[in-house]
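Keep in mind the model is a prediction, meaning the values are calculated, not measured.
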Amino acid sequence: MRSQKHSVTVISKSAGATVDRRGFTLVELLVVIAIIGILMGIAVPAIFGVIETAKSTKQRLELSQIEQAIERYQEKYGDYPPDFSDWTVVERHYRKIFPRIETAQLQLLQRLLDVNPNSDITPLPLNANAPAHDASRMDRAEALVWTLGGYSNNPLRPFTGDGGPLLLVPGTDGLYQINLDRDNALYEFDTSRLDLEITSKDSPTNAGNYWKSSDSTDARSDPFPHYAANDDGTPFVYFDSRTYFHLDPVKGLNGYVNTVYTDNEDALRPYISDRLDESREPIAMNPDTFQVIGPGNDGRFGFTTHQYGPYSTNPLNDALYFRYRTGDA
């Protein structure tokens, strides 16, 4: 008796032999498809798990490299970089590490930061409810690129000297852009991950075509970029221990708003320890040095408390202090 499988008889013209080619039944095809589906169900999550682990490992490695660069900065200059939340700290820092710095250099930096001359603090980044003179153009992420990218060897003009962080835009009087070819870099930033825009990178720079941060507006040019920690553009953030707990209403609050997201939910303050001091107050992590914080694979730092409604106009007022290692708020 013949098999239930369909068969086709083919006659070979060259040899005159017959070849019996058998097909598959529907049941057999369904079994094969089911097996493939099971294998895919096992393999795909494993593959994505490996990808996520690789991303996390890469970010941890880069965090470690940035931390090492900050330690090299301290070894070279005898001071940790400021996070630019307090102009007094910034000015003291640069007068210490560059004793011969021209006053005009500090005045230029103060102007570029848009520091309020009536306050000793570099206020928080511009938001819809802040007057222009209360806005800082250097946030806690941008400070990393500025300080670790390298200064000029010119002790009088460390910012605008050859190889320094600032370049005068040709044909302008006082308009500056970031220098992408700096000397004395302590960390080699991948320029493709810097938060920089230009109208035409193939054209000469001029008053209408120069590098600037996406924080810039038509009325305000921001030359300070941040460095993306992952593909969505969320950056690494730096906090200087000297300004961890700025809570004074005049001095503001030292924190960071994740501007990559526009839902006003994601904001960050320096991490505190799970331990408490003798007065039962929280202890900041690395209380005498610094913190560098990455957003993780999801690109988010943490949700706010929604103290002022589901979408606060000032997310830093709602941002919690997170604890390390538990992650509790």
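Atom CG of Asp231 has 12 or fewer heavy atoms from other residues, nucleotides or ligands within 6.0 Å. Surrounding CG of Asp173 are at most 12 heavy atoms belonging to other residues, nucleotides or ligands under 6.0 Å away. Applying the 6.0 Å contact sphere to CZ of Arg72 captures more than 12 heavy atoms from other residues, nucleotides or ligands. Enclosure of atom CG in Asn206 by more than 12 non-hydrogen atoms of other residues, nucleotides or ligands within 6.0 angstrom is indicated.
Considering only heavy atoms from C-beta on, Val292 stays 4.5 Å or farther from Val237 through its side chain. No side-chain heavy atom of Ile35 sits under 4.5 Å from any side-chain heavy atom of Ile38. Here the side chains of Asp240 and Val89 are in contact, with some heavy-atom distance below 4.5 Å. In this structure, the side chains of Pro155 and Phe98 stay at 4.5 Å or more apart for every pair of heavy atoms. Side-chain contact between Leu144 and Ile66: present, with at least one pair of heavy atoms (C-beta onward) separated by less than 4.5 Å. The shortest distance between side-chain heavy atoms of Asp86 and Val90 does not fall below 4.5 Å. Within the 4.5 Å cutoff, the side chain of Phe290 has heavy atoms near those of the Glu67 side chain. Between Pro165 and Arg182, the closest side-chain pair of non-hydrogen atoms falls below 4.5 Å.
No donor-acceptor pair closer than 3.5 Å links the side chain of Asn184 to the backbone N or O of Gly150. Counting only distance, with no hydrogens or angles, the side chain of Gln59 and the backbone of Gly296 share a donor-acceptor pair below 3.5 Å. Put simply, the side chain of Gln105 gets close to the backbone of Phe159: a donor and an acceptor are under 3.5 Å apart. Of the possible polar contacts, none joining the Ser152 side chain to the Pro158 backbone as a donor-acceptor pair under 3.5 Å is found. In this structure, Ser64 contributes its side chain and Arg60 its backbone to no donor-acceptor pair below 3.5 Å. A side-chain donor-acceptor contact under 3.5 Å links Asn209 to the backbone of Ser200. Side-chain N or O atoms of Asn179 include one that pairs as donor or acceptor with a backbone N or O of Gly164 at under 3.5 Å.
Note that the CG atom of Leu112 and the CD atom of Gln107 stand 12.0 Å from one another [nearest 0.5 Å]. One distance of note links OH of Tyr187 with CD of Gln65; it measures 5.0 Å at 0.5 Å rounding. Put simply, OH on Tyr238 and OG on Ser85 are 10.0 Å apart, with the number rounded to the nearest 0.5 Å. Phe236 CZ to Phe189 CZ: the interatomic distance, rounded to the nearest 0.5 Å, is 9.5 Å. Atom CD1 of Ile97 sits about 11.5 Å away from atom CD of Gln74, to the nearest 0.5 Å. Atom CH2 of residue Trp211 and atom CD of residue Gln177 lie 9.0 Å apart, to the nearest 0.5 angstrom.
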Could you walk me through whether His226 and Phe84 pass the ring pair (Phe, Tyr, Trp, His ring centres under 6.0 Å) check? CA-CA 13 Å; His226 67 232; Phe84 284 78; over 10 Å; no

Show your reasoning for whether side-chain contact (heavy atoms from CB on, under 4.5 Å) applies to Leu166 and Leu108. CA-CA 10 Å; Leu166 293 174; Leu108 170 62; 4.1 Å; yes

Could you walk me through whether Arg193 and Glu62 pass salt bridge (charged side-chain N to carboxylate O under 4.0 Å, His left out), step by step? CA-CA 13 Å; Arg193 292 164 60 188; Glu62 198 157 21; 2.8 Å; yes

Should Met138 and Asp83 be marked as a side-chain contact (heavy atoms from CB on, under 4.5 Å) after you check the CA-CA gap, both sets of side-chain angles, and the distance that decides it? CA-CA 9 Å; Met138 181 90 76; Asp83 62 16; over 6 Å; no

Between Asp79 and Arg242, is the side-chain contact (heavy atoms from CB on, under 4.5 Å) condition met? List the steps. CA-CA 11 Å; Asp79 199 20; Arg242 289 166 288 197; 3.1 Å; yes

Criterion side-chain contact (heavy atoms from CB on, under 4.5 Å) on Asn154 and Thr160, from CA distance to verdict: CA-CA 9 Å; Asn154 187 330; Thr160 61; over 6 Å; no

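Using a cutoff of 4.0 Å between basic side-chain nitrogens and carboxylate oxygens, Glu102 and Arg157 are scored as salt-bridged. Looking at Asp298 and Arg300, no side-chain N of the basic residue comes within less than 4.0 Å of a carboxylate O on the acidic one, giving no salt bridge.
Linking ILVMFWY side-chain heavy atoms closer than 4.5 Å, directly or via other members, places Tyr210 and Leu167 in two distinct hydrophobic clusters. Linking ILVMFWY residues whenever their side-chain heavy atoms come closer than 4.5 Å, directly or via other members, leaves Val169 and Leu180 in distinct clusters. Hydrophobic clustering keeps Leu156 apart from Tyr176 (ILVMFWY residues linked when any side-chain heavy atoms are closer than 4.5 Å, directly or through intermediates).
The shortest non-hydrogen separation linking Pro287 to Ser241 is O-CB, 3.3 Å. When all heavy atoms of Pro295 and Asn230 are compared, the pair lying nearest together is CG-ND2, 3.9 Å. Between Arg140 and Phe239, the shortest heavy-atom contact is CG-CE2, 3.8 Å. Heavy atoms only, all atoms of each residue included: Leu194 and Pro225 are closest at CB-CB, 4.3 Å. Considering all non-hydrogen atoms of both residues, Ser214 and Asp195 come closest at OG-OD1, 2.7 Å. The minimum heavy-atom distance between Ser213 and Phe224, with the atom names listed, is CB-O, 3.4 Å.
Between Glu142 and Tyr227, the side chains place no donor N or O within less than 3.5 Å of an acceptor N or O (distance only, hydrogens not considered).
For the ring-ring contact (aromatic ring centres under 6.0 Å, His included) with Tyr94, the lone residue among Trp146, Tyr77, Tyr151, Trp87 that qualifies is Tyr151.
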